[in-house]
Amino acid sequence: MPELAEVEYFRKQWSVGEGERVLRVVGHFQARIFRGITEHELVDALTGAKMTGSESRGKQMIFRFAGANVGIHLGMTGKLSVEKPDFSPGKHDHLVLYQKKQALVFSDSRLFGRVLLHTGKGEAPWWAKQAPDVLSEEFTKKAVESFLERRKGAPIKAVLLMQERFPGIGNWMADEILWQARIHPATRSGELTKEEADAIWKMTRHVTREALATVGKDWSDPPADWLFHHRWGRKGNCPRCGVELERGEVGGRTTSWCGKCQKP
DNA sequence: TCTCGTGTTTCTTG
DNA sequence: TCAAGAAACACGAG
């Protein structure tokens, strides 16, 4: 379920490898997730290299090694795990970095994920062009307002999923933001009032902060009164007013909302 | 057997 | 050139 908070959680799993060298690199290098890079490039860049640090921004992660940076995007079904040093990879374990004390494993059954590599001088281009974090100072009310104006014809649900302005927001977080802001997901972005646009800004940050403090920290549940706990099944009830939740496709994605709290 | 999907990229249409 | 929507990608879960 890799949205921003889950991505941060997975990054922390692999970060136990910081300070240690990679002894061996094993993978299914023909898999789609490696498009654009070759087995030779990756094995060459990482074998013997020490992991020096890692960061996540939105849904993108970077793992820094001496002489190389590896980017990982988890797609829909990707996950990172830490296994014993004698781990033998299964069908969907597409990349394994063996270290002395553990094996760092990237698995992805649907192969929508992506591995990126940058060697040489300067910051990796795919990292440098990441949009500013929603908790950063650059993510201002004004930036949100002008983005909503530019995307005025699209439903707000679809706009919240646009990584160029809302990096890390995924399907459940978008639904949560709209429910907390009491805005109907199908509302055209250009029809939101200034107050509603500000509520989008505020709740984007609030939901992100809380998700990082729970899911992102230790995979614990988000606050008990969130929509999150009710939106998954066919039938759920609004945790605020008790009305049965609506469910449908908005902006091409499955969406859950409260027909009473979130008026069109 | 059949439908669905926590994401992005590319194609098509306007 | 831009914006919006749909299709494509691949495969396990229910």
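Every value quoted in this text rests on a predicted model; they were computed, and no experiment measured them. Numbers restart at 1 for each chain; the letters A, B, ... are given by sequence-line order, proteins then strands.
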Give the nucleotide from the list [options] with an atom nearest to the side chain of [X].
X	options	result
A:R247	B:dG5, B:dG7, C:dA4	B:dG5
A:M76	B:dG5, C:dA3, C:dA10	B:dG5
A:E3	B:dG7, C:dA10, C:dG5	B:dG7
A:R32	C:dA3, C:dA4, C:dA10	C:dA10
A:T254	C:dG5, B:dG7, B:dG5	B:dG5

Whole-Å P distance, C:dA13 and B:dT8: 22 Å
Separation of the C1' atoms in C:dC9 and B:dT1, to the nearest angstrom: 22 Å
Is [X] close enough to [N] that one of its side-chain N or O atoms is under 4.0 Å from OP1 or OP2 there?
X	N	value
A:K59	B:dG7	yes
A:K91	C:dG12	yes
A:H92	C:dC11	no
A:H73	B:dG7	no

What integer distance in Å separates [X]:[atom1] from [N]:[atom2]?
X	N	atom1	atom2	result
A:E249	B:dC4	CD	P	10 Å
A:L148	C:dA4	CG	C1'	16 Å
A:I72	B:dG7	CD1	P	18 Å
A:L161	C:dA6	CG	C1'	15 Å
A:R150	C:dC2	CZ	C1'	9 Å
A:R231	B:dG5	CZ	P	10 Å
A:K79	C:dC11	NZ	C1'	12 Å
A:R35	C:dA10	CZ	C1'	12 Å

By nearest heavy atom, map A:Q163 and A:R110 onto DNA chain B; which one lands nearer the 5' end? A:R110
What is the nucleic acid contact for [X], judged by heavy atoms within less than 4.0 Å: base, sugar-phosphate only, or nothing?
X	value
A:R114	nothing
A:R188	sugar-phosphate
A:G170	sugar-phosphate

Looking at A:K157 and A:D175, does any basic side-chain N land under 4.0 Å from a carboxylate oxygen? yes
With the threshold set at 4.0 Å, does a side-chain nitrogen-carboxylate oxygen contact exist between A:R11 and A:E8? yes
Are the ring of A:F112 and the base ring of B:dT8 both nearer than 5.5 Å at their centres and tilted by less than 30°? no
If every non-hydrogen atom of A:E145 is compared with every non-hydrogen atom of A:A197, which pair is closest and at what distance? CG-CB, 3.9 Å
With A:S54, the side-chain hydrogen bond (donor to acceptor under 3.5 Å, both in side chains) member among A:K12, A:R64, A:E18: A:E18
On the side chain of A:R253, is there an atom forming a donor-acceptor pair with the base of B:dG5 - under 3.5 Å, no angle test? no
Is it true that A:Y9 and A:V16 fall in one hydrophobic cluster, defined by side-chain heavy atoms closer than 4.5 Å? yes
Do the side chains of A:F166 and A:L161 join up, straight or via other hydrophobic residues, at under 4.5 Å, putting them in one cluster? no
In the structure shown, which nucleotide is the Watson-Crick or G-U wobble counterpart of C:dC9, with both distances under 3.5 Å? B:dG7
